[in-house]
Undergrad: 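Please find one structure pasted underneath; my questions will follow.
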Amino acid sequence: MSDKPLYVTEPALPPFEQFEPLLREIWASRRLTNGGAFATRLETELAGYLEAPQVSVLANGTLALMLALKALEVEGEVITTPYSFVATTHALVWSGCTPVFADIDPVSLNLDPAAVEAAITPRTRAILAVHVYGRPCDTAGLQAVADRHGLRLIYDAAHAFGVRLDSGSLMAAGDAAILSFHATKVFHTFEGGAIVCRDEALKARIDLLRNFGFKGETRVLATGINAKMNELQAAFGCLTLGSIDAEIAARAAIAARYRAAFAPLTGLRLLSGLPGVARHNHGYYPVFIEAGFPLDRDTLYTRLREQGIIARRYFYPLISDFDMYRDAPGADHLPVARRMADTVLCLPLFGAMDDADVARVIDAVNAAART
Ligand SMILES: *Cc1c(COP(=O)(O)O)cnc(C)c1O
């Protein structure tokens, strides 16, 4: 079979003709970066769309994590999840913090507040939680732990763009949330990211840090870095923000087809929706290959690959299983995260999948189930 590869995700791309007039505007302005018109406009539009008071757009999500830690002056131990993309922990180490791993909740797949509380030591300064697959953390539970122990609470919301709660914006939780606009994310600017917060002074500090710490022409107030979003990225973001709801709706329809097809299969566990979520973003479609399924996860992964279906094991290995983190505090006892990492498989899910693509995935998984 010579099927074209079907990747786990493909970036949403509007027709090129729609980007061209924006490129002409950039050329005419001769302003390519350093807080140009498009970066400013994107911040305003994101604040509206995300119902977030303060937004700073940045070069990527990893720098967003580092700047959030720096702006909030986090040092010492930070309790975090092993079930995420490696950048979550790397950003802590780049920022001079010590990562401490705590286990996840088996339903939300996010940091378990009780496990976080048990991992606190006199050196703990902050919690760095992830809304994995865009599934909201127990934000009330984590905030209660943070408040009891005087800790900062930062959310890696790289997966959670556009997720809405019944109670309001998910982006309002914690001291700050970071977003990634990498090409693999639901909303992207090729590369890009943002920090969302409520505190105007915190945004001012982030904006200072993203431009080397410069205040005006002659004063440098802090050890900043270069984390600015350029005008090409920002213009692309302004363009695609207009079609993000359509992208999410297209993903929702595909996810519903998957659910209908896979729900009857034995040993293939689907995630159910979490209470209090008004809108999911369908950034990922994870399934869990358990004992009742005729193939184990890695055999299914290989079987799909042989048919050109490039599913991904997000998140395997656990971050705490990479060599540089094996000896980190907490890394040796993460039974729930380990079970998820050993059984998870993320299936292709993106707005541009056509009916035939979806049918191909469904047929391949069904065939495996009959093995
Ligand atoms: C993508 C991602 C990041 C990193 O974002 P970049 O924009 O690629 O730097 C951080 N955390 C999580 C959970 C991610 O998925």
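All ligand and atom numbering here is 1-based and tracks the order in the structure. Owing to the predicted nature of the structure, the values given are computational and were not obtained by experimental measurement.
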Undergrad: Angle class for the H188/F190 ring planes (parallel below 30°, perpendicular above 60°, tilted otherwise)?
TA: tilted
Undergrad: Assess whether atom NE2 of H149 is packed by more than 12 heavy atoms of other residues, nucleotides or ligands within 6.0 Å.
TA: yes
Undergrad: Ring-plane angle category for H90 and Y325, please: parallel below 30°, perpendicular beyond 60°, tilted otherwise.
TA: tilted
Undergrad: Within ligand 1, which atoms have a heavy atom of S84 less than 4.0 Å away?
TA: 13 (C)
Undergrad: Please list the nearest protein heavy atom to atom 10 (C) of ligand 1 with its residue and the distance rounded to 0.1 Å.
TA: D156 OD2, 3.6 Å
Undergrad: What's the shortest distance from atom 5 (O) of ligand 1 to any protein heavy atom, and which residue and atom give it?
TA: S180 OG, 3.2 Å
Undergrad: On the 0 to 90° scale, with breaks at 30° and 60°, tag the Y314-Y284 ring pair as parallel, tilted or perpendicular.
TA: perpendicular
Undergrad: Would you say ligand 1 has an N or O under 3.5 Å from any N or O of V130?
TA: no
Undergrad: Testing the basics here: between R279 and D245, what is the closest heavy-atom pair and its distance to 0.1 Å?
TA: NH1-OD1, 2.9 Å
Undergrad: Calculate, to the nearest 0.5 Å, the distance between atoms CG and OH belonging to L128 and Y155 respectively.
TA: 10.5 Å
Undergrad: Distance to 0.1 Å, residue and atom name: give those for the protein heavy atom nearest to atom 3 (C) of ligand 1.
TA: F85 CD2, 3.8 Å
Undergrad: Under 4.0 Å, heavy-atom basis, I'd like to know which part of T62 is in contact with ligand 1: side chain, backbone, both or neither.
TA: both
Undergrad: Using a 4.0 Å cut-off to any heavy atom of A158, which atoms of ligand 1 qualify?
TA: 2 (C), 11 (N), 12 (C), 13 (C), 14 (C), 15 (O)
Undergrad: For ligand 1, is there an atom lying under 4.0 Å from some heavy atom of G192?
TA: yes
Undergrad: Nearest protein heavy-atom contact for atom 1 (C) of ligand 1: which residue, which atom, what distance?
TA: K185 NZ, 1.7 Å
Undergrad: Less than 4.5 Å apart, any side-chain heavy atom of Y83 and any of V336?
TA: no
Undergrad: Among all the protein's non-hydrogen atoms, which is closest to atom 15 (O) of ligand 1, and how far away is it?
TA: H159 NE2, 2.8 Å
